[in-house]
Amino acid sequence: MKKVLMLSMVLLSALVAQAQLKVFPTLKKGFAKTYVTTNTFDIPMQGTVVLTDETTYTVSETTADGYVIDMLTTTITSDIPEGSIAGQILAASMEIAKGITIKLSTDKNGTITAIKNYAEVQKTLDTRCDEMVEKLNKLIPQLSTVFNKEALKQQLMENLAELRLLASIKNDHGPLSLFGKTIMTGAQETFVNQQGLQLKRMYFVSGKNVTTSESLDMNKEDIKKLIIAQIEKVAPAQADMIKENIDQLMESGMLKMDVKSTATYEFDDNCWVKAIQSEATTETAGQATTTKSKVVCK
């Protein structure tokens, strides 16, 4: 009996290990899907912020190498506690891309490879960033005492640079992030997110569902370099002080940084996402922010 049980366990382990899903979506000109994404942020001392957006993905072209998918965010709503500075910044940053058609080039399997119209998009983003910085300085007058306007705009534009924006679309828990992948249970990969953090991801496959788990994959020296680089850009007046005391600050936990997240994707028969549920905890400067996201095909 024990031998039979052991054999069953071995066979089950083998089957689980071999579980895989090819996320090769149906792509043909005119095919479109609309998704509603609700993000709930629990921010220390800032309350709970809820941001909801509606984004449509339309296959607009067939090319020799693959396809072009138009991504257009049309609606954004927010529920922000009074006095929540972090909530105002998050809402304003989401508004930057509203109404801008971003054309995503893919290969034949649907993997996102480039932003076809980035030069055009960049001009609009530049204008939107100017507007956002002005808006934030009016909403939050004390912001200008910490961040120089030009430094703040530069930081925003760096996060919206082509490679970083592409990384966000491909690596965040969105409808297109797993397109073109052949996913196997136990498979791992590393990637750099839009904030410049290197993360490690592991996959688990069950039928047409995929679960992922991510964790920070950076050592102490990597984190020190990242923090110093960000301070030099956003608050250069404080950079020397941070450099001199960074070891003590990190030992004290004031500059501790950690990221953990999980997500479950449910796919339809066309290998387009039906729904995504995700939860992430980001710890910076001794404070943990939890983000819960729900993506649903309309």
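Everything numeric in this text was worked out from a predicted model, so none of it was measured.
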For Glu95 and Lys98, what are the C-alpha separation, side-chain angles and deciding distance, and is it a side-chain contact (heavy atoms from CB on, under 4.5 Å)?
CA-CA 5 Å; Glu95 290 282 348; Lys98 181 181 175 182; 3.4 Å; yes

Answer whether the closest heavy-atom distance between the side chains of Met218 and Leu226 falls below 4.5 Å.
yes

Can you label the angle between the Trp272 ring and the Tyr35 ring as parallel, tilted or perpendicular, going by 30° and 60°?
parallel

Is a side-chain N or O of Lys256 found less than 3.5 angstrom from the main chain of Glu283, in a donor-acceptor match?
no

Give a yes or no on whether Val192 and Leu165 share a hydrophobic cluster (residues Ile, Leu, Val, Met, Phe, Trp, Tyr; joining criterion: side-chain heavy atoms under 4.5 Å apart).
no

Please check if atom NZ in Lys22 has more than 12 non-hydrogen atoms from other residues, nucleotides or ligands closer than 6.0 Å.
no

Side-chain touch Leu176/Leu104, heavy atoms, less than 4.5 angstrom
yes

Between the side chain of Thr63 and the main-chain N/O of Gly66, is any donor-acceptor distance below 3.5 Å?
yes

Whether the side chain of Asn117 engages the backbone of Glu120 through a donor-acceptor N/O pair (distance < 3.5 Å, no angle test) should be reported.
no

Looking only at atom types and distance, does a side-chain atom of Asp268 sit under 3.5 Å from a main-chain N or O of Asn270, one as donor and one as acceptor?
yes

With heavy-atom distances below 4.5 Å as the criterion, would you say the side chains of Leu216 and Leu197 are in contact?
yes

Do you know which two heavy atoms are closest between Ser261 and Ala280, and how far apart they sit?
CB-CB, 3.5 Å

Mind running side-chain contact (heavy atoms from CB on, under 4.5 Å) on Leu72 and Ile100 for me, showing each step along the way?
CA-CA 6 Å; Leu72 176 63; Ile100 301 175; 5.7 Å; no

Take atom CG of Asp269 as the centre, draw a 6.0 Å sphere, and report whether it contains more than 12 heavy atoms from other residues, nucleotides or ligands.
no

Polar side chain donor-acceptor pair, Thr212 to Glu214, under 3.5 angstrom:
yes

pair Thr264-Ile276: side-chain heavy atoms closer than 4.5 Å:
no

On a heavy-atom basis, which atom in Met132 and which in Ser93 lie closest, and how many Å separate them?
CE-N, 3.7 Å

Assess, by modelled atom type and distance only, whether the side chains of Glu189 and Tyr203 contain a donor and an acceptor separated by less than 3.5 Å.
yes

Between Thr182 and Phe24, the two heavy atoms sitting closest are OG1-CZ, 3.7 Å

Are Met94 and Leu90 linked, directly or through other ILVMFWY residues, by side chains that come within less than 4.5 angstrom of each other?
yes

Are Met202 and Phe204 in one and the same hydrophobic cluster, where Ile, Leu, Val, Met, Phe, Trp and Tyr link if side-chain heavy atoms are under 4.5 Å apart?
no

Please check if the side chain of Lys108 supplies one atom and the backbone of Ala64 the other of a donor-acceptor pair under 3.5 Å.
yes

Are any of the side-chain heavy atoms of Ile246 and Ile228 separated by less than 4.5 Å?
yes

Check: Ala86 main-chain N/O paired with Gln46 side-chain donor or acceptor under 3.5 Å
yes

Is the side chain of Ser84 donor-acceptor paired with the backbone N or O of Pro81 at a distance under 3.5 Å, no angle test?
no

Are Asp126 and Arg128 within salt-bridge range, i.e. N to O under 4.0 Å?
no

Take Thr55 and Thr74, measure what side-chain contact (heavy atoms from CB on, under 4.5 Å) needs, and give me the verdict at the end.
CA-CA 6 Å; Thr55 301; Thr74 55; over 6 Å; no

Partners meeting salt bridge (Lys or Arg N to Asp or Glu O under 4.0 Å) with Glu221 (sequence neighbours left out)
Lys224

Distance, nearest 0.5 Å, that separates SG of Cys271 from NZ of Lys181
14.0 Å

Which distance, rounded to the nearest 0.5 Å, do you find between the CG of Leu166 and the OG1 of Thr113?
7.5 Å

Is it the case that the side chain of Asn245 and the backbone of Gln248 share a donor-acceptor pair, with hydrogens and angles ignored and the cut-off at 3.5 Å?
no

How would you list, by chain and number, every residue that makes a side chain to side chain donor-acceptor pair (under 3.5 Å) with Asp70, sequence neighbours excluded?
Ser60, Lys103

Are Val210 and Leu178 close enough, and set up right, to give a side-chain contact (heavy atoms from CB on, under 4.5 Å), and what steps lead you there?
CA-CA 9 Å; Val210 174; Leu178 299 186; 4.1 Å; yes

Is it true that the side chains of Asp42 and Thr48 contain a donor and an acceptor less than 3.5 Å apart?
yes

So do Gln188 and Arg201 actually touch side chain to side chain, heavy atoms under 4.5 Å?
no

Same apolar cluster: Val68 and Tyr57, side chain cutoff 4.5 Å:
no

Quick test of your reading of the model: are Lys243 and Glu232 salt-bridged, counting only N-O distances below 4.0 Å?
yes

For the pair Lys220 and Asp222, evaluate salt bridge (charged side-chain N to carboxylate O under 4.0 Å, His left out) and give the outcome as yes or no after the intermediate values.
CA-CA 5 Å; Lys220 183 178 177 180; Asp222 292 333; over 6 Å; no

Backbone N/O of Gly174 and side chain of Asp172: donor-acceptor pair under 3.5 Å
no

Quick one: closest heavy-atom pair of Leu27 and Gly110, and the distance?
CD1-CA, 3.7 Å

Heavy-atom count check: over 12 atoms from other residues, nucleotides or ligands less than 6.0 Å from Leu163 CG?
no

If we only count heavy atoms from C-beta on, is the Val49 to Ile80 side-chain gap below 4.5 Å?
yes

Hey, are Lys153 and Asp130 close enough for a salt bridge, meaning a charged N less than 4.0 Å from a carboxylate O?
yes

Only pairs under 3.5 Å count here: list side-chain donor-acceptor contacts from residues 288-298, not counting sequence neighbours, and write none if there are none.
from	atom 1	to	atom 2	distance (Å)
Ser293	OG	Asn39	OD1	2.4
Lys298	NZ	Glu54	OE1	3.1
Lys298	NZ	Glu54	OE2	3.2

With the 4.5 Å side-chain cut-off for hydrophobic clustering, are Leu51 and Ile96 part of the same group?
no

Taking the side chain as every heavy atom from C-beta outward, state whether Asn109 and Phe179 have any pair of such atoms under 4.5 Å apart.
no

Assess whether side-chain hydrogen bond (donor to acceptor under 3.5 Å, both in side chains) is satisfied between Glu266 and Asn209, documenting all intermediate values.
CA-CA 5 Å; Glu266 182 182 355; Asn209 291 354; 5.6 Å; no

Can you confirm whether the side chains of Tyr265 and Ser177 place a donor and an acceptor under 3.5 Å from each other?
yes

Determine whether a donor-acceptor pair (N or O, by modelled atom type, separation under 3.5 Å) exists between the side chain of Thr40 and the backbone of Val50.
no

